[in-house]
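A short worksheet on the structure shown next.
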Amino acid sequence: MRQWKVFFSQRQRWSSSLTQALALSVITFCIILPLCCHRLLYSYYFFRFMYLNSMSDEVLQKSLERGQDALRFWQSSSPLESTRFGDVVPNPELLVTVVTARRSEARDFHYLLQVMQRLSSIAGSCGGRRCAEVLLCDVESGPEENQDAKLLEAHFKVIRRSTQEQQANREPVNTFEREKRDYVFCLRQGWELVKPKNMIILEDDALPRQDFFRVVEDLLSRRFALHTLYIKLYHPERLQRYWNPEPYRILEWVGLGLVGATALLLSIPYWNPFSLSFTLSASHLIFFTLYFMAAAELIGRHYLLEVRRISPQLYAVSPATECCTPAMLFPGNASQKVADFLDGSFCYKGNAKDMVLYHKVRTTPGERSHSVEPNLVTHIGAYSSVRPNPYRPKLL
């Protein structure tokens, strides 16, 4: 009789835990998270049909306002105030080269002027010294001038192809190969002109964040930077999810679940306002590990990464993924090695410069590449300068 009592007691306890687990899952994933996350752009719960158009329009409007503010800023700025940018010092610790071309659409957004205004405002955030030297690389080869680059000539050193180089570069090639050749030109010209110890290439629609230089300085002080070909400073937010073929993200995901589950089960004996019957057993640990993993993925890894902005030392470094190249850091003389790699490849749709670099690293013994998370730049280029644009750009 006593054995039956023990059996039914264990069964009742198990049934109670199962019921609580089911109730907790329903309340969390069907009520709480949808209510909290339906406006989060990169969450699975995002109500795309309700908010995407309005959020896209709002972001475009803010970018337009920043562009007009940047235009007024540079038009009213005296060249004498910017001689510190125009006079490039040789052999700097860091060189930032901004690659730009004339945009046939969205000229009123003035992406380049936004980026250069931000760089000019944060370049003095490194104490008594300038954080970096800044070059502008204008690769426009059409009959019309890049008016934004022309406006910035009084404030920054601008490099362009010579007339002979432009004539030699006029052979008909696809957009991806043209973009690659422009990139290589800027890499080589920046190196030959300044001989920097480290180089960053920014595309003209990659807006640096306020902590940009502080994080870059911290990255270059880490040991891995001595043995990497490049460090990506941007990865599209929509591709930052855990449900991804990248092995390190799976490990991070499982680790997050285990830490969350262990912390919760250890705290239940000391704080249990809802009278939960969970214990630190294998089955309960597995359940809560999956529970926290599911919650993290559904909320959006992007928002968890944002917590790392508390300190430059908390930014995560991981193996680089394929996409994309709006912001790239090349430690040491790696920029010249990258230029050689790109020169030896022909780009086309499906094999753009980011794919070429990714496959070169994977197939070249001893080469490594990394990316940093969260992003150090915001991609503001809703309208592309090299690809067809939609009538009404969307955030997703």
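Every residue meeting the side chain to side chain contact (heavy atoms under 4.5 Å, CB included) condition with Ala261, not counting sequence neighbours, appears here in chain and number order: Leu285, Phe288, Thr289, Phe292. Remark: His227 pairs with no residue by the ring pair (Phe, Tyr, Trp, His ring centres under 6.0 Å) rule, at least two apart or across chains. Take Phe73 and apply the ring pair (Phe, Tyr, Trp, His ring centres under 6.0 Å) test, not counting sequence neighbours, and it matches no residue.
Under the 3.5 Å distance criterion, with hydrogens and angles disregarded, no donor-acceptor pair is assigned to the side chains of Arg301 and Gln240. Residues Thr28 and Tyr291 have side chains that bring a donor and an acceptor to within less than 3.5 angstrom of each other. Using a 3.5 Å distance cut-off with no hydrogens or angles, the side chains of Tyr242 and Glu252 do pair a donor with an acceptor. Side chains of Lys353 and Thr325: a donor-acceptor N/O pair is present below 3.5 angstrom, by distance only.
Between the side chain of Thr228 and the backbone N or O of Phe224, no donor-acceptor pair lies under 3.5 Å. Between the side chain of Glu133 and the main chain of Pro90, no donor-acceptor pair closer than 3.5 Å is present. Judged purely by atom type and a 3.5 angstrom limit, Thr378 has no side-chain atom pairing as donor or acceptor with the backbone of Ile380. Using modelled atom types, one side-chain atom of Ser267 and one backbone atom of Leu264 make a donor-acceptor pair closer than 3.5 Å. Using a distance-only test at 3.5 Å, with no hydrogens or angles considered, no donor-acceptor pair links the side chain of Arg214 to the main chain of Cys126. Under the 3.5 Å distance criterion, the side-chain polar atoms of Glu203 are left unmatched by any main-chain donor or acceptor of Thr100. Checking side-chain atoms of Ser43 against main-chain N and O of Leu298 turns up a donor-acceptor pair under 3.5 Å. Not one N or O on the side chain of Thr364 forms a donor-acceptor pair closer than 3.5 Å with the backbone of Val361. Judged purely by atom type and a 3.5 angstrom limit, Ser335 has no side-chain atom pairing as donor or acceptor with the backbone of Met199. Arg160 places no side-chain N or O within donor-acceptor distance of the main-chain N or O of Asp138, the cut-off being under 3.5 Å.
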message: Pair Asn146, Val139 - check side-chain contact (heavy atoms from CB on, under 4.5 Å), show working.
response: CA-CA 9 Å; Asn146 183 345; Val139 295; over 6 Å; no
- request: For the pair Ile159 and Leu136, evaluate side-chain contact (heavy atoms from CB on, under 4.5 Å) and give the outcome as yes or no after the intermediate values.
  value: CA-CA 6 Å; Ile159 50 179; Leu136 183 57; over 6 Å; no
message: Does Val99 form a side-chain contact (heavy atoms from CB on, under 4.5 Å) with Leu202? I'd like the steps, not just the answer.
response: CA-CA 6 Å; Val99 183; Leu202 291 181; over 6 Å; no
Worked verdict on Tyr230 versus Lys232 for side-chain contact (heavy atoms from CB on, under 4.5 Å): CA-CA 7 Å; Tyr230 60 83; Lys232 289 189 173 184; 3.9 Å; yes
message: One pair to check against salt bridge (charged side-chain N to carboxylate O under 4.0 Å, His left out): Asp340 and Arg188. What are the steps and the verdict?
response: CA-CA 10 Å; Asp340 291 338; Arg188 294 200 187 284; 2.9 Å; yes
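Remark: Arg181 engages Glu177 in a salt bridge, criterion side-chain N to carboxylate O under 4.0 Å. Note on Arg102 versus Asp204: no salt bridge recorded, every NZ/NE/NH1/NH2 to OD/OE distance being 4.0 Å or above. Under a 4.0 Å N-O distance rule, the pair Lys180/Asp354 does not qualify as a salt bridge. The existence of a salt bridge linking Glu367 and Lys337 is confirmed by a sub-4.0 Å separation between a basic side-chain nitrogen and an acidic carboxylate oxygen.
Hydrophobic clustering, with ILVMFWY side chains joined whenever heavy atoms are under 4.5 angstrom apart, groups Ile250 together with Trp243. A single hydrophobic cluster is seen to contain both Ile299 and Leu258, as judged by linkage of ILVMFWY side chains at heavy-atom distances under 4.5 Å, directly or through other members. Hydrophobic clustering, with ILVMFWY side chains joined whenever heavy atoms are under 4.5 angstrom apart, groups Leu40 together with Leu52. Note on Met55 and Leu396: same hydrophobic cluster, where clusters join Ile, Leu, Val, Met, Phe, Trp and Tyr whose side-chain heavy atoms are under 4.5 Å apart, directly or indirectly. Taking hydrophobic clusters as Ile, Leu, Val, Met, Phe, Trp and Tyr residues chained together by side-chain heavy-atom distances below 4.5 Å, Phe46 shares a cluster with Tyr42.
Residue Lys62 qualifies as open at atom NZ: its count of foreign heavy atoms under 6.0 Å is 12 or below. For CZ of Arg72, the number of neighbouring non-hydrogen atoms (other residues, nucleotides, ligands) closer than 6.0 Å is greater than 12.
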Identify every side-chain donor-acceptor pair in residues 313-322 under 3.5 Å, counting partners at least two apart or on other chains, and give the distances.
residue	atom	partner	partner atom	Å
Gln313	OE1	Ser311	OG	2.5
Gln313	NE2	Asp218	OD1	3.3
Tyr315	OH	Asp211	OD2	2.5
Tyr315	OH	Arg309	NH1	3.1
Ser318	OG	Tyr248	OH	3.4
Thr321	OG1	His235	ND1	3.1

Donor-acceptor pairs under 3.5 angstrom involving side-chain atoms of residues 105-112: please list them, not counting sequence neighbours.
residue	atom	partner	partner atom	Å
Glu105	OE2	Asn389	ND2	3.0
Arg107	NE	Arg103	O	3.2
His110	ND1	Arg107	O	3.3
His110	ND1	Asp148	OD1	3.0
His110	ND1	Asp148	OD2	3.1
His110	NE2	Arg107	O	3.4
Tyr111	OH	Ala382	N	3.3

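When ring centroids are compared, Tyr45 and His38 stay outside the 6.0 Å threshold.
A cation-pi contact, defined as under 6.0 Å to the ring centre and within 45° of the axis, is absent between Arg39 and Phe47.
Between Phe330 and Val338, the shortest heavy-atom distance links the atoms CE2-CG2, 3.6 Å. Closest of all the heavy-atom pairs between Val158 and Ala149 is CG2-O, 4.3 Å. Across every non-hydrogen atom of Cys131 and Ile122, the tightest pair is SG-O, 3.8 Å. Between Ala334 and Leu229, the shortest heavy-atom contact is CB-O, 3.1 Å. Of all the heavy atoms in Ala294 and Trp253, the pair that sits closest is N-NE1, 4.5 Å. The minimum heavy-atom distance linking Met116 with Leu152 is given by the pair CG-CD1, 3.5 Å.
Contacts classified as salt bridge (charged side-chain N to carboxylate O under 4.0 Å, His left out) and involving residues 276-294 (residues at least two apart or in different chains) are not found.
Rounded to the nearest 0.5 Å, atoms CG (Leu265) and OG1 (Thr279) are 7.5 Å apart. The distance from atom NZ of Lys394 to atom CZ of Arg48, rounded to the nearest 0.5 Å, is 9.0 Å. To the nearest 0.5 angstrom, Ile31 atom CD1 is 11.5 Å from Cys36 atom SG. To the nearest 0.5 Å, atoms CD (Glu179) and CG (Leu342) are separated by 11.0 Å. We find the CG-CZ distance between Asn53 and Arg392 to be 4.5 Å, quoted to the nearest 0.5 Å. Atom-to-atom distance recorded for Leu266:CG and Thr262:OG1 is 6.5 Å, nearest 0.5 angstrom.
The aromatic rings of Phe278 and Phe287 lie parallel to each other, with less than 30° between the two planes, well short of the 60° mark.
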